[in-house]
**Student:** 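Sharing a structure below in structure tokens format, with a few things to ask.
Just so it is clear: chains get the letters A, B, ... in the order the sequence lines come, proteins before strands, and each one is counted from 1. In what follows, every heavy atom counts, from backbone to side chain, and hydrogens, waters and symmetry copies are set aside. Keep in mind that what you see is a predicted model, and the values were worked out from it rather than measured.
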Amino acid sequence: MADLEEFRASVRSWLEANAPKSLRGKMRDPAAAFWGGKKTKLPYPDSKPWLDMMAERGWTIPFWPKEYGGGGLSKEETKVLNEELARLELPPPLTGFGITMIGPTILQYGTEEQKKLYIPQIIKGEIRWCQGYSEPNAGSDLANIQTKAVVDGDDYIVNGQKIWTSFGDLSDWIFMLVRTNWEVKKQAGITFLLADMESKGVEVRPIKLISGASPFCEVFFEDVRVPRHQILNRENGGWEVARALLGHERTMIANTFGGRQSSTETKENPMEAAAKKYIGLQDGKIADDAIRQRMAQNQIDEQSFLLTVQRNSDNIKAGHRPGPETSIFKVYGTELNQRRQELMLSIFGPECLGWEGDGFEKNELDLPKVWLRSRGNTLEGGSSEIQLNIIAKQVLGLPD
Amino acid sequence: MADLEEFRASVRSWLEANAPKSLRGKMRDPAAAFWGGKKTKLPYPDSKPWLDMMAERGWTIPFWPKEYGGGGLSKEETKVLNEELARLELPPPLTGFGITMIGPTILQYGTEEQKKLYIPQIIKGEIRWCQGYSEPNAGSDLANIQTKAVVDGDDYIVNGQKIWTSFGDLSDWIFMLVRTNWEVKKQAGITFLLADMESKGVEVRPIKLISGASPFCEVFFEDVRVPRHQILNRENGGWEVARALLGHERTMIANTFGGRQSSTETKENPMEAAAKKYIGLQDGKIADDAIRQRMAQNQIDEQSFLLTVQRNSDNIKAGHRPGPETSIFKVYGTELNQRRQELMLSIFGPECLGWEGDGFEKNELDLPKVWLRSRGNTLEGGSSEIQLNIIAKQVLGLPD
Amino acid sequence: MELVLNEEQTMLAQTVKNFITDNSPINRMRQLRDDKDMLGYSKDIWKQMADLGWTAILFSEADGGLELGMAETVLVTEEMGRNLAPEPYISSIVLAGQALAKGGSKELREQWLGSVIAGDAVLTVAYQEKGGRYDITKIKTTAAKTADGYVINGEKVQVTDGYGADAMIVSARTSGNDGDADGITLFLVPRDAAGMTVTRQWRLDSRNVALVAFKDVKVSEANIVGTVDKGGQLLGQVIDLATVALCGEMLGGMNFAFNHMLAYMKERVQFNVPIGSFQALKHRAAKMYMEVELSRSVVMAAARAVDEENAGKELFISTAKARCSDAYIAVTNEAVQILGGNGMTDEENIGFYMKRARVAEMTFGDATYHKDRFATLKGY
Amino acid sequence: MELVLNEEQTMLAQTVKNFITDNSPINRMRQLRDDKDMLGYSKDIWKQMADLGWTAILFSEADGGLELGMAETVLVTEEMGRNLAPEPYISSIVLAGQALAKGGSKELREQWLGSVIAGDAVLTVAYQEKGGRYDITKIKTTAAKTADGYVINGEKVQVTDGYGADAMIVSARTSGNDGDADGITLFLVPRDAAGMTVTRQWRLDSRNVALVAFKDVKVSEANIVGTVDKGGQLLGQVIDLATVALCGEMLGGMNFAFNHMLAYMKERVQFNVPIGSFQALKHRAAKMYMEVELSRSVVMAAARAVDEENAGKELFISTAKARCSDAYIAVTNEAVQILGGNGMTDEENIGFYMKRARVAEMTFGDATYHKDRFATLKGY
């Protein structure tokens with residue numbers, strides 16, 4: 001404990017001396033998130049020096065091993081570091097799929113050479129990663145991917161098309177599934193590849209969504225050469241890697257869309273504020289009782305969900321295995337968010353119908369896009385239907 | 001038209017002269033329904049003479065052919081007769097599965113001899129029928145029936161067990177499915193038999209339900225002899241008959257549970273009366289707005305359903321084929337009734353929790369049984385799941 | 001009422017369907033949106049619709065109409081709704097046209113109705129204000145009496161087809177307080193009125209709506225539609241008609257979405273089979289089918305209840321709007337989910353229906369509003 | 001709070017489970033019902049539960065208890081709920097026991113708590129009246145002050161375990177009007193009080209409830225529990241505790257129903273396959289699984305919020321009761337549907353759970369009541 005307090009003191013003085021003053025107070029500012037890589041816009045001028053000074057100490061991912069550039073901190077030390085960052089309300093120096101998805105997977109499946117090569121680049125935020133999984137005919141049936149990789153000397157020659165690649169246009173590298181064997185069961189012929197998006201023959205086209213935004217891309221591969229040493233795990237051993245990585249992704253999506261503020265907090269949340277503004281109170285109650293009941297239902301659902309997330313994490317902390325309830329986070333969290341956005345629409349009423357231009361306030365124009373975006377939550381990262389299949393089979397043991 | 005008015009005059013004077021005075025005004029009295037047969041209690045002393053005088057004219061089922069004892073009336077004449085019965089608020093002389101299920105089926109599939117034999121008995125209410133379809137291992141998978149009938153001279157020898165036989169203990173005859181061929185596809189080995197419940201080897205045991213009532217029975221067959229001329233359609237041609245009859249049954253159940261009073265009628269319905277009694281009004285509105293919204297939803301659902309039933313019947317009247325919407329009556333009508341009963345429970349509140357004895361009024365004690373009974377609506381006559389399968393396949397053309 | 005189409009109605013429906021199929025594919029809506037077309041609809045197609053007689057349906061023969069009813073009107077709006085044809089039928093013919101027909105002086109009717117029916121003039125009603133939600137009596141726009149007429153001040157929002165309209169009927173308070181049923185008067189204000197500013201608004205459904213500001217706008221007494229202080233009641237009447245017409249549109253839209261989803265379920269292969277063979281999806285499709293069928297029944301009934309002056313017609317109207325609002329949203333939500341990632345792309349047409357469903361829901365009162373109204377009408 | 005069982009709690013849960021499994025199969029409930037047992041529970045089993053220390057959990061050491069909390073209490077009620085063990089835990093230990101512990105004079109506590117904890121005396125609280133729905137302040141029972149005490153007149157209904165109770169704590173109005181929060185006083189009335197009539201009522205769930213009539217029942221001031229005119233507040237507090245305990249029971253019951261349904265899905269064959277292989281049923285089972293898991297989280301949280309005196313504990317309690325009410329009903333409805341005709345027979349046990357779910361829903365406020373309370377507590 002004495003050591004921990006020493007550590008805290010040193011972190012504190014270092015942060016106070018070095019952390020950019022301009023970023024303090026921006027801990028919860030979504031615009032302060034820095035995704036790294038060569039094509040991403042810098043959120044704030046100080047975001048780069050902040051990343052560099054943290055990366056130098058390995059503190060972008062403080063608990064990753066020191067030998068690959070991580071901080072090598074213990075759980076307790078990581079907690080202290082986070083508390084000290086929170087004390088100055090500093091934003092995380094780096095975010096992205098490198099940290100949440102491919103990094104942990106490389107640590108799990110990579111060769112020593114791969115870890116030495118990629119992990120430091122991830123920690124330093126030098127490359128931004130995107131995910132090449134889905135294809136036009138491989139959505140829920142992911143194992144049906146058709147993008148093919150054929151051996152040619154020390155390289156694979158890759159041909160095919162990926163779709164729903166988040167931020168494909170802003171990423172430097174892609175981790176992807178390719179087919180290397182057509183003779184076996186679908187799942188057994190898939191290889192997990194890492195590829196440089198700058199390679200000749202890669203073309204990226206953003207997809208315009210119903211919300212008007214284009215966070216996803218199609219990525220086309222035409223005779224793209226990828227060195228064979230850039231596979232993760234063995235050739236035709238990609239499905240196992242893909243599933244391990246999907247676990248990380250689902251947790252991330254559920255955390256993102258599950259909401260964060262507990263409903264039992266006494267602080268007023270945005271939904272309540274909107275209801276008071278757009279509907280108003282009567283005898284101290286939201287004047288539309290049907291809306292009021294839906295609000296209570298939604299907050300009760302949210303609280304139930306957050307408590308279940310907490311129960312799972314408390315179980316893990318207590319040294320138990322994660323309970324089967326983990327499997328419900330993705331499907332429940334995303335559907336809850338959809339219900340919340342639909343309720344927000346009902347609360348705003350006709351004022352939420354604007355798209356742009358005159359006669360609507362900014363938050364009124366934002367809401368329909370947030371709502372439309374939420375419809376994708378139950379599709380990406382494994383649709384709700386696929387999640388329910390998984391729960392039925394793997395948790396409940398129901399037969400095929 | 002002149003003929004119709006003459007007919008109306010003659011009906012009117014005959015009814016006024018002959019229809020029992022004691023039954024007038026009992027048109028909507030559920031207790032006045034007479035199911036016929038030898039074991040059924042007479043609802044009122046005059047029920048039997050009323051049936052007899054109507055049956056003599058063929059007016060128990062006025063539009064059935066005269067040659068088999070029906071009234072032989074045209075659609076228009078039937079309408080007039082019904083109007084005149086309604087004028088004196090007279091109850092129908094007879095109800096039961098003979099009229100709604102097996103009668104129409106015999107008219108469709110029976111031989112001339114069978115029609116001559118059974119239809120008059122049905123019209124006169126001499127036999128009450130029950131339905132022997134389901135078996136312990138043939139519920140949703142009805143074609144899986146195992147009750148077997150083996151030819152022995154001019155008879156079949158029947159062995160096996162039926163279950164969920166409505167009023168099996170009060171019926172005189174049973175129409176049933178038996179297996180006569182084990183070598184073919186399930187559906188192709190089924191025969192439709194008519195059997196006398198008095199036959200040696202038939203045993204009936206009522207099943208006690210969660211509502212406490214026993215409207216269903218198990219029927220056991222041990223070496224029961226049934227003459228071969230009592231099959232309907234050909235041997236192994238029973239599945240076709242069964243399906244035709246199921247159509248009649250589903251329509252009947254949906255009509256029974258879909259409710260009858262249109263919600264746009266200005267007359268107060270029992271739900272509104274209960275809400276006013278158990279919850280009360282505040283500023284002219286049901287004091288609990290969540291309940292009030294559920295009531296409006298339920299009445300809107302009911303009205304939508306009734307209008308859809310009407311649309312179908314108007315289409316038929318106009319000479320069009322029944323629309324595909326017919327297929328939704330059973331599943332929607334029964335689930336609507338369940339929602340209605342659950343809402344009634346919510347309206348009554350704790351006063352609906354009684355089962356018998358002190359401290360509860362009669363209608364309070366009735367409600368939970370009606371509610372429990374309603375849970376069976378989505379199971380009997382083809383479960384909701386089976387109905388949805390049928391809609392998906394036969395109406396929507398979705399692949400197996 | 002009889003819930004069946006007679007021969008004339010069947011023919012009308014077929015004619016409308018043919019015209020819409022040939023002349024108004026859903027891509028037309030997309031094009032108007034991509035072009036950021038200020039009008040948001042096609043004057044040419046509107047004229048053709050008028051030439052086909054659709055615009056005359058609801059008007060009396062005296063006013064130059066066909067003297068048909070809502071039963072025919074919903075046939076037109078259903079087919080328009082199936083392909084999201086954005087022409088100003090509900091605003092010009094049902095809302096403003098019927099307000100004029102019911103409450104306009106002989107002079108006003110003669111001045112306007114002929115060209116409205118001919119598709120030459122487009123009118124609308126400006127009644128909605130910011131913060132009023134679904135209550136048409138909550139308005140801050142005022143009309144103050146002067147020596148020779150009235151002066152209007154205030155602001156209306158999301159005035160359907162207000163941009164480019166030749167005139168609009170404006171609701172303004174002439175007496176009483178915010179929320180009072182009485183005290184509202186309707187004024188016909190021509191497009192060139194001094195002090196009126198019309199700004200195009202851009203909405204989720206890309207249709208023509210406008211922000212309309214009135215600054216000391218002078219109108220003469222001759223331009224009053226209906227009776228002074230009783231305009232709220234007349235407005236309520238024509239909004240009821242427009243609600244039924246909108247329900248027709250919603251029925252057409254949900255039909256498209258449902259059939260589109262069904263086609264996709266038969267064609268999209270995953271796990272080596274069409275996804276329509278998965279039982280969980282089948283059951284959901286069957287439930288959506290029920291919603292669509294029930295919606296058709298209530299739309300037909302509401303139209304007929306109006307035509308037959310049924311004493312319970314408001315109940316039928318609220319039933320229809322509540323059901324169609326819930327059903328259109330449910331069906332488009334399910335369609336997007338079943339279309340998967342494709343359903344989320346702008347390239348797919350389903351998004352247009354999902355957006356329009358939400359706008360339609362919130363036009364003339366959402367489902368909750370109409371359930372509340374239903375309960376109130378039933379006296380509980 | 002930590003949503004995890006510690007070692008002692010894990011052991012307690014296992015002990016309770018073992019006892020219930022061995023001594024209280026669901027058939028015991030059936031037998032009591034079929035026998036029309038007037039008591040509706042077993043005195044012998046209740047004594048054994050007391051001997052195992054379950055009854056002592058909530059009481060302070062000074063009162064002879066173990067000084068544990070709701071976190072432990074819900075472990076007991078969950079296992080009891082799993083097999084519908086009908087012993088008077090909630091009425092005697094949580095409701096009446098805690099009312100006495102919190103508000104009873106030293107004399108009353110010494111007189112009663114020892115034998116309550118020992119399982120020798122059974123107490124309950126008589127608070128519910130006909131027509132009061134879920135509002136404990138809507139009571140017509142009065143206690144009029146006399147020279148040497150009070151005289152109670154009125155009638156209570158559905159008094160849990162009231163038949164055969166050794167004493168009951170009765171809420172009566174001592175001042176104010178129907179519906180006022182203040183003005184209610186709690187009186188402990190022993191079973192032999194002159195003028196009190198206890199009639200067994202027969203309810204859907206076959207448990208012991210009673211109709212209790214008070215005709216000029218004299219009680220002394222010494223029998224007041226809590227403070228004069230402030231009994232409503234104390235009653236509210238112990239009902240909150242009892243609500244959490246009941247949620248534990250509901251969690252156990254829904255767990256049974258869910259597992260029973262799941263086992264049936266694996267075993268029942270139709271169309272040559274187990275019905276659990278049908279995707280539509282699978283998805284529904286997965287959704288019910290989510291309901292059960294969420295219910296477990298909120299029950300654990302509500303218990304801990306009470307134990308930790310969390311400022312938002314009422315929010316946690318209403319969250320738990322709203323969720324458990326909806327979930328228990330949803331799970332039992334689905335179970336009956338999936339069990340098909342079998343689920344409708346009295347021979348199947350699932351019917352007992354379906355009935356109990358409805359009673360539990362309507363005890364201490366149904367889901368709608370608690371959603372309303374949640375909103376009010378949140379200030380909207």
**Student:** With a 4.5 angstrom heavy-atom cut-off, which part of D:Q128 approaches chain B: side chain, backbone, both or neither?
**Tutor:**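 Interface part for D:Q128: side chain.
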**Student:** At a heavy-atom separation under 4.5 Å, does B:D289 approach chain D through its side chain, its backbone, both, or neither?
**Tutor:**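 For B:D289, no heavy atom lies under 4.5 Å from chain D.
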**Student:** Between B:G357, B:G359, B:S383, B:P136, who has the most heavy-atom pairs with chain D when the cutoff is under 4.5 Å?
**Tutor:**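 It is B:G359.
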**Student:** For side chain to side chain donor-acceptor pair (under 3.5 Å), just list the numbers for D:Q337 and B:T378, CA-CA rounded to whole Å, side-chain angles, deciding distance to a tenth of an Å, and then say yes or no.
**Tutor:** CA-CA 8 Å; D:Q337 181 69 20; B:T378 49; 2.6 Å; yes
**Student:** Within a strict 4.5 Å, meaning less than it, do heavy atoms of the D:I350 and D:M261 side chains meet?
**Tutor:**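 A side-chain contact under 4.5 Å is absent here.
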**Student:** Please classify the contact between D:K156 and chain B as side chain, backbone, both or neither, with a heavy-atom cut-off of under 4.5 Å.
**Tutor:**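 Neither; nothing under 4.5 Å.
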**Student:** Do you see a donor-acceptor pair shorter than 3.5 Å between the side chains of D:Q31 and D:N27?
**Tutor:**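 Side chains of D:Q31 and D:N27: no pair found under 3.5 Å.
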**Student:** Looking at B:A290, is its backbone amide N or carbonyl O close enough to the side chain of D:T368 to form a donor-acceptor pair, meaning the two atoms are under 3.5 Å apart?
**Tutor:**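 No.
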**Student:** Most heavy-atom pairs under 4.5 angstrom with chain B, which of D:K130, D:Q201, D:Q158, D:E347?
**Tutor:**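 Highest number of heavy-atom pairs under 4.5 Å: D:K130.
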**Student:** Quick one: which of B:L365, B:I207, B:L345 has the most heavy-atom pairs under 4.5 Å with chain D, could you say?
**Tutor:**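 Maximum pair count with chain D is reached by B:L345.
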**Student:** Counting only non-hydrogen atoms closer than 4.5 Å, does D:R284 touch chain B with its backbone (N, CA, C, O), its side chain (CB onward), both, or neither?
**Tutor:**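 Contact with chain B: side chain only.
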**Student:** Please classify the contact between B:K186 and chain D as side chain, backbone, both or neither, with a heavy-atom cut-off of under 4.5 Å.
**Tutor:**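 Side chain only.
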**Student:** Tell me whether D:K287 contacts the main-chain N or O of D:H283 through its side chain, where contact means a donor paired with an acceptor under 3.5 Å.
**Tutor:**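 No: the side chain of D:K287 does not pair with the backbone of D:H283.
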**Student:** What part of D:T345 gets closer than 4.5 Å to chain B, counting heavy atoms only: side chain, backbone, both or neither?
**Tutor:**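 Backbone plus side chain of D:T345, per the 4.5 Å heavy-atom cut-off to chain B.
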**Student:** Most heavy-atom pairs under 4.5 angstrom with chain B, which of D:V209, D:V157, D:V359, D:L281?
**Tutor:**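 Ranked by heavy-atom pairs under 4.5 Å with chain B, first place is D:V359.
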**Student:** Quick check on the interface: out of B:N137, B:L388, B:N389, B:L209, who has the most heavy-atom pairs with chain D under 4.5 Å?
**Tutor:**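 The residue among B:N137, B:L388, B:N389, B:L209 with the greatest pair count is B:L209.
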**Student:** Could you check whether the rings of B:F216 and B:W164 sit parallel, tilted or perpendicular, using 30° and 60° as the cut-offs?
**Tutor:**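 Geometry flag for B:W164 against B:F216: perpendicular rings.
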**Student:** Can D:R133 and B:E351 be counted as an ion pair, charged N to O under 4.0 angstrom?
**Tutor:**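 Looking at D:R133 and B:E351, the cut-off is not met.
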**Student:** Looking at B:I210, is its backbone amide N or carbonyl O close enough to the side chain of D:K355 to form a donor-acceptor pair, meaning the two atoms are under 3.5 Å apart?
**Tutor:**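 A pair under 3.5 Å: yes.
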**Student:** Please determine, by modelled atom types, if B:Q387 and B:S327 share a side-chain donor-acceptor pair under 3.5 angstrom.
**Tutor:**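 Their side chains do not contain a donor-acceptor pair, so the 3.5 Å distance test is not met.
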**Student:** B:A138 versus chain D, heavy atoms under 4.5 Å apart: side chain, backbone, both or neither?
**Tutor:**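 Backbone only.
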**Student:** Using heavy-atom distances under 4.5 Å, tell me whether B:S384 contacts chain D through its side chain, its backbone, both, or neither.
**Tutor:**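 Contact with chain D: backbone and side chain both.
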**Student:** Between D:S318 and D:R373, is there a side-chain donor-acceptor contact under 3.5 Å, judged purely by atom types and distance?
**Tutor:**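 Their side chains do contain a donor-acceptor pair, which is all the 3.5 Å distance test asks for.
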**Student:** Is it the side chain or the backbone of B:L372 that comes within 4.5 Å of chain D heavy atoms, both, or neither?
**Tutor:**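 Both parts, backbone and side chain.
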**Student:** Could you give me the CA-CA distance, side-chain angles and deciding distance for B:E342 and D:N333, then say whether side chain to side chain donor-acceptor pair (under 3.5 Å) is met?
**Tutor:** CA-CA 11 Å; B:E342 296 202 316; D:N333 275 357; 2.9 Å; yes
**Student:** Where does D:Y134 contact chain B at under 4.5 Å (heavy atoms): side chain, backbone, both or neither?
**Tutor:**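 Only the side chain of D:Y134 comes within 4.5 Å of chain B.
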**Student:** Could you tell me which of D:I329, D:N272, D:T363 has the largest number of non-hydrogen atom pairs under 4.5 Å with chain B?
**Tutor:**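 Option with the greatest count: D:N272.
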**Student:** Tell me, side chain or backbone of B:I163 under 4.5 Å from chain D's heavy atoms, or both, or neither?
**Tutor:**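 Neither part.
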